[in-house]
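These notes concern the structure reproduced below.
These numbers come from a predicted model, not from an experiment.
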Amino acid sequence: MDSFVSEPGPASSETLSNNALKRERRARERQVREEEKKKVTTNKTPENQRQQVANNDTMDPSQFLSNRIKSLALLKESGVNPYPHKFEISMSITEFIDKYRSLHVGEHVENTEISLAGRILNKRSSSSKLYFYDLHGNGAKIQVMADARHSNMDEHEFCKYHSGVKRGDIVGICGFPGKSQRGELSIFPRSLVVLTPCLLMLPRHTVTSNSDEAQSKKKTRNHSWTPGITRNPETNILRDQETRYRQRYLDLMLNSEVQKIFRTRAKIISYSRDFLDNLGFIEVETPAMTMTAGGAAARPFITHHNELNMKLYMRISPELYLKKLVVGGLDRVYEIGKVFRNEGMDLTHLPEFTMFEFYMAYADYNDLMGIIEKLLSDMVKELTGSHKIKYHGNGFDSEPVEIDFTPPFRRIDLIEEIESRANLSIPKDLSSETANKFLLEACEKFDVKCPAPHTTTRLLDKLVGLEETCINPTFIINHPEIMSPLAKWHRSKPGLTERFELFVNKKELCNAYTELNDPQVQRQRFAEQLKDRQLGDDEAMVLDESFCSCLEYGLPPTAGLGMGIDRLAMLLTDSPNVKEVILFPAMKPQD
């Protein structure tokens, strides 16, 4: 039966002679050294230890749960609270490692008392008087060497208590720092108390033989992942994707790389925020529910406001609100927030994702190319130590590609590149029926599939295909007006706009342009989008009259950019699936 009782005071040792104490100490030291040697090779694991692990692994999970619940009930009946309200820690595990990593092999600092807390993810016993635990917390791990000699318990109580501590339990430890004879930094507990018992069995890394286990441990030791380098999912304890995404807490708990992934994502957001703050931008918040779904070409989610008895849309972009703020005099604004698009899900698309958008008065798209080039190249260098990263863009079963963020980034003129590659001469007036027919014939000629409706915008979008050449960061610039209803016309190329998209590893990362600030032209562009909607394109933009009215008060020359945080996090964490970088991704319901 499990036991979670708090440790009593130290047992009396006055009855033992000095010689007996010395003999016992020498015997225990020999035992500790032997145990540490046995940890090196799995085949040398003590039989009683192997049996203990086997019993835990083969126990029926429902029986494990039942046993633990019964133990808690007995504790509660005896007046013991198995869920203490608080445990005072003196430092984190990370701070402990930083402070005491320089200790010499075998050195103990017994006159120092440290209190740590964390979750036990591995337990090994050499005997009833010596237990080893792996204590995890805040992305770090240390060894706990629980030796009856140092405990405040007598040997019988020590054995009884530690036999009830299970893998997954959250514990608090008071003890002293030291290094084992093998040089492993450890904490030696004088007291150890279970703060929160784990009632369910945790998954283990499954291996089929001793050689497989040894190889698996070797991979784990040799592969310490950092941003910018490739990851090895084979080192994960929990591998089932459904379980990992639906029960992210288990994924974070058991797979050490996962916490690093989300810490890297947090650093991406912090770096972006600091970068713009230093340029004089201010961060703002705009509505997530709107009366019109504007700012992007996408299908929205629809909800209902009961009090107002009206239909609302979850925002597909914060763009129009941010530009209204620039009209109001906030010349440099940005927002980092969720947007929602009611579209399909695949390896790079989810209906809910994080957008980073900023708008800068008295600037154009050339300025933004320089800003985003510096932001990304400096960020990659800061977070990875290099401008070059490795990425499994086609899955972990394929060879990784190298992506170089060294500035300057390549630039491709969209129409010129299409005409050059396909030996075409596209009509200049892309709003004409002639242009639509020409593009439809071009798609048929090159076997490019474009689902109906065959609007000129959709035909152009399918025909482009330039992203396939964009492994390193590449700006595709100067899109046609018909594809860019919110972008300003090009100052020297009729029919085109001052717009760019930044592609990395064949995927769009950023979209930006010199903002259209002529209200009459904006209304005309919205009217052209309405024609596409009437032809069946439900992703075409709708007229936002409040935005057009705002433009009539005067939007200064402005440039704006939107970047997907999730896709950037995918690149820097070697995650070919976007669900790897979103803590709780959208999932189909289970049966």
Side-chain angles (χ1 to χ4, degrees), residues 94 136-140 223-233 235-236 238 241 244-277 283 285 288 318 334-341 345-358 372 375-393 396 400 403 405 473 502 504-505 507-510 561-587:
T94 303
H136 290 247
N138 207 29
H223 186 83
S224 179
W225 179 78
T226 56
I229 67 173
T230 56
R231 291 195 292 120
N232 179 12
T235 63
N236 285 346
L238 182 63
Q241 281 195 342
R244 291 183 56 232
Y245 299 155
R246 294 183 189 278
Q247 296 176 271
R248 183 67 85 183
Y249 47 89
L250 281 179
D251 193 27
L252 291 163
M253 186 190 306
L254 297 172
N255 296 333
S256 60
E257 287 182 354
V258 176
Q259 283 200 25
K260 293 181 181 179
I261 287 172
F262 288 101
R263 291 180 190 280
T264 301
R265 178 192 170 99
K267 289 177 181 178
I268 289 170
I269 294 173
S270 296
Y271 191 97
S272 302
R273 180 176 280 120
D274 292 343
F275 183 90
L276 289 189
D277 287 346
E283 185 173 9
E285 295 176 289
Y334 73 92
E335 182 170 10
I336 301 173
K338 293 286 190 180
V339 295
F340 311 88
R341 298 184 182 179
M345 298 190 295
D346 57 31
L347 292 178
T348 59
H349 294 86
L350 283 179
E352 177 185 357
F353 58 97
T354 303
M355 183 70 77
F356 166 64
E357 290 205 20
F358 67 86
I372 197 64
L375 168 62
L376 290 176
S377 61
D378 288 359
M379 177 194 295
V380 171
K381 184 68 180 293
E382 173 72 18
L383 298 187
T384 72
S386 171
H387 282 127
K388 297 179 180 180
I389 65 171
K390 293 290 184 69
Y391 181 62
H392 282 98
F396 289 111
I403 303 174
F405 282 85
L502 178 63
V504 182
N505 194 53
K507 300 295 181 182
E508 178 191 341
L509 183 62
C510 301
L561 178 143
M563 178 173 70
I565 292 293
D566 309 303
R567 288 192 179 174
L568 181 55
M570 289 172 67
L571 292 170
L572 297 192
T573 61
D574 190 29
S575 300
N577 188 333
V578 67
K579 291 180 181 179
E580 293 284 338
V581 298
I582 295 178
L583 281 168
F584 298 100
M587 302 284 287

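Side-chain contact between Phe262 and Leu252 is present, with heavy atoms from C-beta onward closer than 4.5 Å. Two residues are said to be in side-chain contact when any heavy atoms from C-beta on lie closer than 4.5 Å; Gln247 and Leu238 fail this criterion. For the pair Leu509 and Ile372, the minimum side-chain heavy-atom distance is 4.5 Å or more. Using a 4.5 Å heavy-atom cutoff, the side chains of Arg273 and Tyr334 are in contact.
In this structure Pro318 satisfies the side-chain contact (heavy atoms from CB on, under 4.5 Å) test together with Thr286, Arg315, Leu322, Glu335, Val339, Glu357, sequence neighbours excluded. Looking at residues two or more places apart in sequence or on another chain, you find no salt bridge (charged side-chain N to carboxylate O under 4.0 Å, His left out) involving Asp277. Partners of Arg263 by salt bridge (charged side-chain N to carboxylate O under 4.0 Å, His left out), not counting sequence neighbours: none found. In this structure, Glu382 has no salt bridge (charged side-chain N to carboxylate O under 4.0 Å, His left out) partners at least two apart in sequence or on a different chain.
Comment: Lys381 does not engage Asp378 in a salt bridge, judged by the lack of any side-chain N to carboxylate O separation of less than 4.0 angstrom.
Counting only residues at least two apart or on different chains, the side-chain hydrogen bond (donor to acceptor under 3.5 Å, both in side chains) pairs with a member in residues 569-585 are Arg231-Ser575, Arg244-Glu580, Tyr245-Glu580, His392-Asp574, Thr573-Ser575. Residue pairs satisfying the salt bridge (charged side-chain N to carboxylate O under 4.0 Å, His left out) criterion with at least one member in residues 561-570, sequence neighbours excluded, are listed as follows: Arg265-Asp566.
In terms of modelled atom types and a separation under 3.5 Å, the side chain of Asn255 and the main chain of Glu257 share no donor-acceptor contact.
With values rounded to the nearest 0.5 angstrom, Met570 atom CE is found 3.5 Å from Tyr391 atom OH. The distance from atom CG of Asn232 to atom OG1 of Thr230, rounded to the nearest 0.5 Å, is 8.0 Å. Atom CG of residue Leu375 and atom CG of residue Asp274 lie 11.0 Å apart, to the nearest 0.5 angstrom. How far CD1 of Ile261 is from CG of Leu572: 11.5 Å, rounded to the nearest 0.5 Å. Separation of atoms CD1 (Ile268) and CD1 (Ile336) is listed at 11.0 Å; rounding is to 0.5 Å. Ile403 contributes atom CD1, which lies 11.0 Å from atom NZ of Lys390 (distance to the nearest 0.5 angstrom).
For Lys388, the NZ atom is loosely surrounded, since the number of other residues' heavy atoms within 6.0 Å does not exceed 12.
Looking at every heavy atom in both residues, Thr384 comes nearest to Val380 through OG1-O, 2.6 Å. In terms of heavy-atom proximity, Gly139 sits nearest to Gln259 at N-OE1, 3.1 Å. Closest approach of Thr94 and Ala140 over heavy atoms only: OG1-CB, 3.6 Å. When all heavy atoms of Thr264 and Pro227 are compared, the closest pair comes out as OG1-CG, 3.3 Å. Between Leu568 and Met379, the closest heavy-atom pair is CD2-SD, 3.8 Å. Ile389 approaches Leu571 most closely through the heavy-atom pair CD1-O, 3.5 Å.
The residue from Met587, Arg341, Met345 that alone fulfils the side chain to side chain contact (heavy atoms under 4.5 Å, CB included) condition with Leu350 is Met345.
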Give the C-alpha distance, both sets of side-chain angles, the deciding distance and a yes or no for side-chain contact (heavy atoms from CB on, under 4.5 Å) between Leu502 and Leu561. CA-CA 10 Å; Leu502 178 63; Leu561 178 143; over 6 Å; no
